[in-house]
Amino acid sequence: MGLFGKKKTEKVEVSSLVKILGIGCAKCNTLEDNTVEALKMLGKEMPVEHVTDFSKIAAYGVMTTPALVYDQKVLIAGRVAKAEEIAELLKEVMA
């Protein structure tokens with residue numbers, strides 16, 4: 001218990017299945033936009049998390065951003081993929 005008998009609440013990180021790894025540059029933002037478009041093409045509605053923390057990016061083994069991660073697996077790294085390519089990759093891993 002915290003001060004004055006109040007319970008401490010721990011902040012729990014909610015992690016999205018789909019993540020864009022990158023510092024927020026134009027290429028990272030374009031990959032994020034293309035990923036959102038690909039999800040729409042597949043009829044999937046899910047949040048896309050943009051990870052900008054270098055230590056979290058490095059934890060995925062990614063050395064060149066931007067990168068696309070689905071369910072903790074790196075699908076694309078070091079380049080911006082078109083929405084059609086992303087849709088195909090996501091279709092494979094979601095099956």
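Predicted, not measured: the structure shown is a model, and the values here were computed from it. The figures here come from the full heavy-atom set of this structure, side chains too, leaving out hydrogens, waters and symmetry mates.
- The existence of a salt bridge linking Arg79 and Glu85 is confirmed by a sub-4.0 Å separation between a basic side-chain nitrogen and an acidic carboxylate oxygen.
- Shortest non-hydrogen contact noted between Ala83 and Ala38 is O-CB, 3.4 Å.
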What donor-acceptor contacts under 3.5 angstrom involve side-chain atoms of residues 87-95, with partners at least two apart or in another chain?
{"from": "Glu88", "atom 1": "OE2", "to": "Lys91", "atom 2": "NZ", "distance (Å)": "3.4"}

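- For the side-chain contact (heavy atoms from CB on, under 4.5 Å) test with Lys56, the passing option among Val51, Val62, Leu21 is Val51; the others fail.
- In the hydrophobic clustering, Ile23 connects to Phe54, either directly or through intervening members, whenever side-chain heavy atoms lie under 4.5 Å apart.
- In this structure, the side chain of Asp71 does not engage the main chain of Leu17 through any donor-acceptor pair within 3.5 Å.
- Counting only heavy atoms from C-beta outward, the side chains of Glu32 and Leu68 never approach each other to under 4.5 Å.
- Of all the heavy atoms in Ile86 and Ala81, the pair that sits closest is CD1-O, 3.6 Å.
- In the hydrophobic clustering of this structure, Ile20 groups with Leu75; members are Ile, Leu, Val, Met, Phe, Trp, Tyr whose side-chain heavy atoms approach within less than 4.5 Å, directly or through other members.
- In this structure, the side chains of Leu39 and Met46 come closer than 4.5 Å at one or more pairs of heavy atoms.
- Checking Tyr60 against Lys19 by side-chain atom types alone, a donor-acceptor pair falls below 3.5 Å.
- In the hydrophobic clustering of this structure, Val80 does not group with Met41; members are Ile, Leu, Val, Met, Phe, Trp, Tyr whose side-chain heavy atoms approach within less than 4.5 Å, directly or through other members.
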